[in-house]
Every structure is written in structure tokens, then in C-alpha cells.
Amino acid sequence: MDYKKTLNLPHTGFPMKANLSQKEPKQLSAWESAELYQRVREASKGRPTFILHDGPPYANGHIHIGTALNKILKDIIIRSRQMAGFDAPYVPGWDCHGLPIEHNVDKELGAKKKEMTQAQVRRQCRAYAEKFIDIQREEFKRLGVMGEWDNPYLTMNYRYEAIIARECCKFALEGSLFRSKKPIHWCCNCKTALAEAEIEYHDETSPSVYVKFALKDDPAQIDARLAGRKVAVVIWTTTPWTLPANLAVALHPDFDYAAVAVAGGEVLILARELVEACMQTFGIADYEIVAEFKADVLENKRCQHPFYDRDSLIILGDHVTLEAGTGCVHTAPGHGREDYDVGLQYGLDAYSPVNDNGVFTDEVGLFAGQFVFKANAAINQTLADKGVLLAKTDIRHSYPHCWRCKRPVIFRATPQWFISMEKTGLRKKSLEEIDRVQWIPHWGRERIYGMIENRPDWCVSRQRAWGVPITVFICEKCDTVHMDEATMNHIFDQFAAHGADVWFEKSVPELMPKDAVCTHCGHTGFTKEDDILDVWFDSGVSQAAVLEDRDYLTWPADLYLEGSDQHRGWFHSALLTAVGTRQKAPYKAVLTHGFVVDAEGKKMSKSLGNVVAPKAVIDKYGAEILRMWVSASDYRDDVRISDNILKQLSDAYRRIRNTSRFILGNLNDFDPQKDAVPIDQMLDIDRFALHKLQGVIERALKAYDTYEFHVIYHRLYNYCTVDLSAFYLDILKDRLYTSPAASLARRSAQTAMYAILDAMARIMAPIMPFTAEEIWAYLPAVADKAESIHLVSFPKPDAALRDETLAAKWETLIKVRAEVTKALEQARSDKVIGHSLDAAVTVGLSDDLYAVMAEFETDLRSILIVSRATVAKGELTDAYKAQEVEGLWVKVAPAKGEKCQRCWVHDDSVGSIADHPTICARCSGALAQMDLSDMEA
RNA sequence: GGGCCUGUAGCUCAGUUCGGUUAGAGCGCACGCCUGAUAAGCGUGAGGUCGAUGGUUCAAAUCCAUCCAGGCCCA
């Protein structure tokens, strides 16, 4: 007789090979046609909500691995909050306006753009954004991210655009939106402002001049030795044309400066460290340092402008360097970013007497009407004539050029719109709100606090085409900004109906409410502002346009989750727009993740060739493995990815999958409703297994709560390997296979395994939605079993299944077992045994250990997976002495008796049973309870 | 250059808050067993100057300083 047929071997249709990359798309479309997301929403109606508000990715290009990390983390959180008992809707969004899209459309259009209206260009940009929204939407869905994909929020939706305008108007209404001049890159040929991304750097030859600025104040105040002398501060510049706009000379607060006496009794001031080099440049051999001092003695002293009758103030700034020049920096706040920033601190005007063509205005007198670069020569001549030009050479250096016409650009101050950090207390209130938010990790608080504390007013102007305009009107007569509730609502209604395009398509009277009158001068003629809002404003107000505008969401959000760069980006703009209009932070908690780096921890870049594309990972391993990668990493720090790491995860996946498959195979004849064994009738080891499971559940739920997913991954994986596969399931095989199918012994094991796999599947569901669903489908049917695992809740730890006393005994037994396996291994290498069932084991125990182990003696054979196991008191001779446990000796000998052909245990009873001479008494007893009619045939 | 952060076995992570016995786990690797989870399963073993240096202390992966490497954001 073939006794193998009398065994209950595992059977399941659950495949060993996952074939993820092929099967995932099928699963996704099945979920989609079952409208799973909608069903989850319906099922969780009335529960407390958990709102994770999605930060909108930019609708340009394909997703990259960092976007995948971000979206998968969000999905894990959404799914886990959902399964923890919340109603957790997910509304994804896209950021649609802005320069990069306009830039790419520009490239596509080429020369055609010049013949198009702004409205036509905007339509092209809209179509471009739509295309990439569709691409990215499919890519996100492929990651297994579940959400409201058919109704995402888009910053270019008409209603969203209307809300952007409305929020902008609110800042104008309360008076924190104001106009001021600020230098920007300007192309004189294209007559347009340029963003940093539109600048290319090329080498250029410029004049390099050293100019004396005569000190007007009494030099004795600086140093007594300078009393009565003619003193001048020496500056260096490569843009003489900016000298007409000079308002100051900047020194570094930490540098030493020297007063150098030269021929004729004149004294020159410059950085101590640069004296020698400069004197050489000036061709002055005969000089003497008469005094040295720190820069602060010069602060707020006045110099004479070299060719105008006005002062140039001496100021201090950290941007001054000793790399070139004199350590005294010519400062024209209207023509340089650093000059402007330092000028702000001294209340200097962003003076910029240059028009759109790059030509000096009439204000400058001497050089009016000249193109700035051409004026360099005339200015240098004037300096020479005035006797203030110390040296002049040419220099080749890297200089910014226009990306389109390739000509050198200038820095020029033009009117820009700002949101004041001070006028309505925006900075102070934002800082207070920061302390009401939970920052995870906690250092996020320091990071954003420092930024808000130090940032300048928010420049919201962009001289672009693709975006939402700054919707304010300006009185033609008195230049006053016009904004009131009626105007705000009028703009909102028109934008909501037609989009922001109406601003460019309709006339001012059409855009304003009837009878609008300037509150300042009573005039009724207005102009509209042309500038576009900074796109950070667009996404910043998503808290208003999404959270507040959809009735199933809440304001503030429970959580914002983005990369740590967003402390300056979205977390920042969302905070300012919300505090400015609603006095509160738009989020209760902010979670940040690090960046994806390569195997060496280096950032990914095309030039290094270390970029990992999500699609490549999905095609090779499946989205599930990518998701496991996300869950296995401690994302608060930077996250490494490499083929080696993915391969490791792939191995781990197979282990989890196989463990699940083994359990499913052993549950094929198990109906939990009929066959489940009550806990008090279950075998000890099965009860111990359920006890351990409670710990796993508890740990996992806690980790989901604190967003520490790598803890779950490690716990789940270790549980599968150590607790289940190498211990519990290995021991169970004998009982499962050889006991009669419906026996208590087997049903007890099945009861435990069913609880284990059910819990495991639920715990892994947020991380591995595909595999969890697959397991769910194969789990035995019970009444009210949900169609999808994504409709059910997490398992709840059950105190009734815990038994600490039992567990303590088993933990001791596990330590003993570990020592026995070592002894068995030694016997195996000594060729005493092969399989552990070839062995008979005797353990010698100290009194303490014996007290625990004696009651296990009956089961010890099966627990150790040997043919015979006996316990004895005290030391054994000729035995293996335990290394890790005191008072334990193990003696291994070949098992006596024939090997039972059915259960493979060596036992004396084999051969003694007449009907079945090749099997043991235990097996023959089992057979007696079975219907053998099928098998014998 | 400044702000914030990170650095524990080949890999992914514990341990660092409140210093205390030979620094842990799993994977991978090597070797062995099994062939009734089989493109599976079990076991044993080797692997770390805890980024470096200096300091505080009876005692440092843990506290302090400096440096090195890397990341994000600024300049």
C-alpha cells in the first residue's frame, strides 16, 4: 500500500510563483471594474475621517523613483488608516501652471509663438499639462495607489483658478499685498523678465575697473591717525554701467580693513588681506599702511558718489568676499540680487534708471539714452576725467545670457507684487502656528521655523503667461490698488465660469463690477495687473481649493506628507496662505521623507548614470516589490535603492508568499465555521502560536499608528521565517499530515493557522495590496466574508488568546530546542544521523530546567522533530554541553526501531502490526479512523 | 560658506532618550541535511576597530568637540 495517499498533504491553487509584473495589471483592472474605491468609501461612511492631503506633483514628464516613494507612502498610510477604522479618502492632485510647462510649450512652438495671443499660448499649456496628467495618473495607478483618480484636483480647473484668485484678493483686501521694486534678470533684446531656468551662463569679456569713493565724513572718527587726511574707499566692479545706480559700498563685518597712504598724501581704504595685490594692480610701489580696523567703524559713514552729487552709504554684508576686488563692494540695489537684499536692511531704494530696452532713462543725465553695455566706455572716461579711476583692465568671466536670443542679460529692478510678512503679522502668526503642528521627525519644526523667521517678504509676481494672474486693479489716475468684496466676488464668478483666461480676453470694465470707483480719488478708470502669481501660491491654497471646497474632506488636514525639500516649498506656502487668510495652519501634522539615493548614498543624476526608473523596477520585479522597498526602508532618512536591495526584497517576498502558500495548502479542507476548535481545547503549541500572534498584531498596529512601516516589514518577515517556518510550521507538519483529517489534533492546528494567515494578510494589506488580496481570495469562505481584503479592518489583539505563563514555558523550551539542534548538527557532521528523525535524543537538565521541561516530555519528540526524546535529571556523560544555556546536556543516538513508512518516525512498534507491517502503532491508529476505500483501489 | 539631518556586519534594520557584562536580528554568503511547502523546506558557521580622531568618565555605539563622507534647503 502506498501510505503517502493516506496523508493529508497540502493542496492549494495558490501559485508558488507570483508573476507580479504580469498579474498586477489584471488585479488593478478587476478592482477598477468592481469600483473598489467607491465601495470602500460607502463602507466607511460615518466613521471618523482621516485626511491625508496630497501635495500636487508637477504635471510635466514621467514619474521618477522619488515620486513613487512619496505616492506609495501615502497609499500605505491611507490604506492603514482606513483599515484602522477611519474613513480615509484620497484625492490626488496636480500642479499645472508655471514656467517649466510654458518653457516646454515655448520650445514646441518655436517661432510660431510670436504670432499667438497669450490666450492661445495658455491653451497650448493647458493641453500639455493634460497630457502629462494622463501619463502620470496611469503610472501612479500602476503602483497600486488607490484613490479618486477620476476626480483629482487640478490647479488649472476653472473653479480652482477662481479660488486662487479669491485667496489672492483676500491678501489685497487686508492690505498685505503690495507693490515694490526688485531686481530681476531682464533680457533687453526680448524685453522680458527671465527666470533662473531661462538663464544660460557663457564666458564674456567685461571691463574691470577700480574706483575711488571719497569719504565725506571726518576720517578721524575712524582712526585718529587719519585726521585731516584725504581718504577714499576703493571699489571694484565689472559692470561700470551700474555705477549711476550706486547707492552704497558694502564691507564684510568680519574682515580687517587697512588705510593705505600713497603718493600725494591720499589714503585708500581696502581689505587688509588684499592690499598688496591691489597696489600691484594700481601700479603703486610706494605705499604705507597707516591704520587697520574692523569694518564696523565704517558702517553708516558716507562717501561721495564719483560723478553725481549724492551720498553712497558704507554698509556691512556677509556676501562680501576676498576672492577678487578690494573687499569693498560697489552696491546698486536695483541691479543685483545681493545688493538688493543687503540694501533692504539699510532701507535703500532699488534704484534702477534703465528702461525696457536697456537704455538709461533721463534721470541719469550724463548717459541718458545710451544702451547700458555701450555706456561702459563713457562711464569709464568720466571716471578717468574725475581722477577716481585707479585701474582698468578687461576680464573674461562667466556671465548670464538669455536662453532664447543668447545675448547677455542685465539685472534690473521692476515693480513686483509682494505679500508682506509684517504688515498683518503674518510672520509672527505663522511662527506661533508652527508650534501647534506635530512635525515628524521633530527636527522638521526647527527647519521650517528658521525659514519663516528669516525669510523676506514673499515676492508673488512672475512675468509669465501660464498661470493665474494677480487679480488686482489699479486706478489710472492715482495708482491706488483697487480691491473690495464685490470686486473679489465678481472675479471669482467669472473665473469659476470661464477660467483665468477671461482676465486676458476681457476688458477691464467687463472684469469689474459695475460702478467701481477708486476709493482714494473717486476716479472710475482702472488698469488690470498683468503679472502671474507664483505657482507656490497655487499649490499653497489647495487647503482652500480642495480641503475646504469638497464637503467630504476636512480643514485642516490631519496630515501633509512630502519630501523634506518641501519645508521650503509646499509646507511653507500652504502655511503662509492659510495663516494669512484663516489664521491657522492647514495641517495638524507634517511628515517628511528623505530622498532616494543610490547604493553608495549618492544622489541620482543622469550624468552619474545611477538613476533607477520605477518602470524598470515594476517590469522586472513588480510594483509589489517596489512597495516592499518603501516599507522596508526607514524613510525619515535618505533611502537607498539598488538591484541588490531589490533582489533581497524579492527573496523576502518569496518567503512571505511561500509561508502563506503552505498555510493555505493545509487549510484546504478547513471550514472555520464548522471545524474551528475553541481555544481551551486547543493544543498547547497552537495556543502558544496564537499568543505570539497577538504580539505581532499589537506591534504592527502600533507601528502603523506612528508611520514606522519598516518595523512592520521586519516584524512580519521575521515572524514568517523564525516563528512560523523554522519553528511552528516545521513542527506542525507531522501532526497535519499524519493525523486523521478531522481529528482534534489537526483541527486545532488549522484553527491556529487560519487565525495566523488571516491576521498576516490584513497586516500586510496596506503594504502589499496585491498579494494580500490574492491570499484573501484563497482563504476559506466564511459567512459575510468581504469580497476584498481592502474592505475589512485590521485584526484586533485578543486578550483571551494571550497566556503569559504558557508563553514563558515555551520560550524556555525554544532555548533548549536551539541547543538540541546544535547537538543534532554535530551528530550529522559525525555521520551519526542524516535527517533529524534518524535520531533519538536524551536531554540532561538541571533541577530548574527539569521542572519546566518534564511536562513537555510527551510532546518533546515532535517538538524536536526526532524519533524519540527523553528528559533526565542532571549531567549526561559523553554528551553535548549547551553553550548558551546553563545546566543542559544533549545526547544524540541513532533512533532504534524501523522507520515507519507513513510518518517516517523510527519506532519499536513498526513490524508489530499484522495488517500494516511497515507502519507504526500511531499511524495504524490513524488509519483505523479513516475511510480507506478510495486509497486501496 | 550657512541652516537642518544622516553615518552600527556585503544588504535592510534593532540597540543611542536615562552611558554599564563577549554589540543583536533576518537576509545574503559558506558548509551540511532533506526530497511529503520542492524553481521549496530545515540546520550549523564565518562576518562588525558601531565613519575618523581627540576629550569627559571607573566605564562610551550611546555624552562633548573637531574632522571626513553623504543628503535636503539656502548663499
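Just so we're on the same page: letters track the sequence lines, and every chain starts at 1.
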Once the angle between the rings of [X] and [Y] is folded into 0 to 90°, is it parallel (under 30°), tilted (30 to 60°) or perpendicular (over 60°)?
X: A/H567; Y: A/W443; answer: tilted
X: A/F727; Y: A/W810; answer: perpendicular
X: A/W439; Y: A/Y587; answer: perpendicular
X: A/Y754; Y: A/F670; answer: tilted

Salt-bridge criterion met for [X] and [Y] (N-O under 4.0 Å):
X: A/K899; Y: A/D838; value: no
X: A/K182; Y: A/D341; value: no
X: A/R861; Y: A/D907; value: no
X: A/K702; Y: A/E708; value: no
X: A/E825; Y: A/K822; value: no
X: A/K4; Y: A/D2; value: no

Identify the nucleotide, in any strand shown, that forms a Watson-Crick or G-U wobble pair with [N], with both distances under 3.5 Å; if there is none, say none.
N: B/rU57; answer: none
N: B/rA23; answer: none
N: B/rA37; answer: none
N: B/rA69; answer: B/rU6
N: B/rU49; answer: none
N: B/rG43; answer: B/rC31
N: B/rU16; answer: none

Mind calculating the distance between [atom1] ([X]) and [atom2] ([N]) to the nearest angstrom?
X: A/I625; N: B/rC11; atom1: CD1; atom2: C1'; answer: 15 Å
X: A/Y880; N: B/rG43; atom1: OH; atom2: P; answer: 14 Å
X: A/M451; N: B/rC5; atom1: CE; atom2: P; answer: 12 Å
X: A/L824; N: B/rG32; atom1: CG; atom2: P; answer: 18 Å
X: A/H593; N: B/rU6; atom1: NE2; atom2: C1'; answer: 17 Å
X: A/I656; N: B/rA37; atom1: CD1; atom2: C1'; answer: 16 Å
X: A/W904; N: B/rG36; atom1: CH2; atom2: C1'; answer: 5 Å
X: A/R699; N: B/rC13; atom1: CZ; atom2: P; answer: 15 Å

[atom1] gap between [N] and [M], integer Å:
N: B/rC13; M: B/rC74; atom1: C1'; result: 33 Å
N: B/rC67; M: B/rC27; atom1: P; result: 42 Å
N: B/rC29; M: B/rU66; atom1: C1'; result: 39 Å
N: B/rA23; M: B/rG48; atom1: P; result: 12 Å
N: B/rG20; M: B/rG24; atom1: P; result: 14 Å
N: B/rG51; M: B/rU8; atom1: C1'; result: 10 Å
N: B/rA52; M: B/rG10; atom1: P; result: 13 Å

Any N/O donor-acceptor pair, [X] side-chain to [N] base, under 3.5 Å:
X: A/R640; N: B/rC11; value: no
X: A/S725; N: B/rA37; value: yes
X: A/K17; N: B/rA39; value: no

Contact class for [X] vs. all strands (heavy atom < 4.0 Å): base, sugar-phosphate, or nothing?
X: A/G594; value: nothing
X: A/Q826; value: nothing
X: A/R715; value: nothing
X: A/Q901; value: base
X: A/R447; value: base
X: A/G834; value: sugar-phosphate

Between [X] and [N], is there a side-chain N or O to OP1/OP2 distance below 4.0 Å?
X: A/R661; N: B/rA39; answer: no
X: A/K733; N: B/rG41; answer: no
X: A/K4; N: B/rG36; answer: yes
X: A/Y737; N: B/rA37; answer: yes
X: A/H835; N: B/rU35; answer: no
X: A/T821; N: B/rU44; answer: yes
X: A/R654; N: B/rA40; answer: yes

Determine all donor-acceptor pairs shorter than 3.5 Å in which one atom belongs to a side chain in residues 715-722 of chain A; sequence neighbours excluded.
{"unit_1": "A/R715", "atom_1": "NH2", "unit_2": "A/D723", "atom_2": "OD2", "d": "3.4"}
{"unit_1": "A/T721", "atom_1": "OG1", "unit_2": "A/Y717", "atom_2": "O", "d": "2.5"}

Nucleotide nearest A/R828 when distance is taken to its side chain, options B/rA37, B/rC33, B/rC11: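 Looking only at heavy atoms from C-beta outward on A/R828, the closest nucleotide is B/rC33.
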statement: Protein-proximity profile, nucleotides 21-29 of chain B, B/S/- by nucleotide at the 4.0 Å heavy-atom cutoff, equals ----SBSS-
- request: For A/V711 and for A/M16, locate the closest nucleotide of RNA chain B by heavy-atom distance; then report the residue assigned to the nucleotide nearer the 5' terminus.
  value: A/V711
- prompt: If you pin A/Y635 and A/C903 to their nearest nucleotides in RNA chain B, which one's is more 5'?
  reply: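 Result: A/Y635.
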- line: Expected label for B/rG54 (glycosidic angle, syn inside 90° of 0, else anti) would be anti
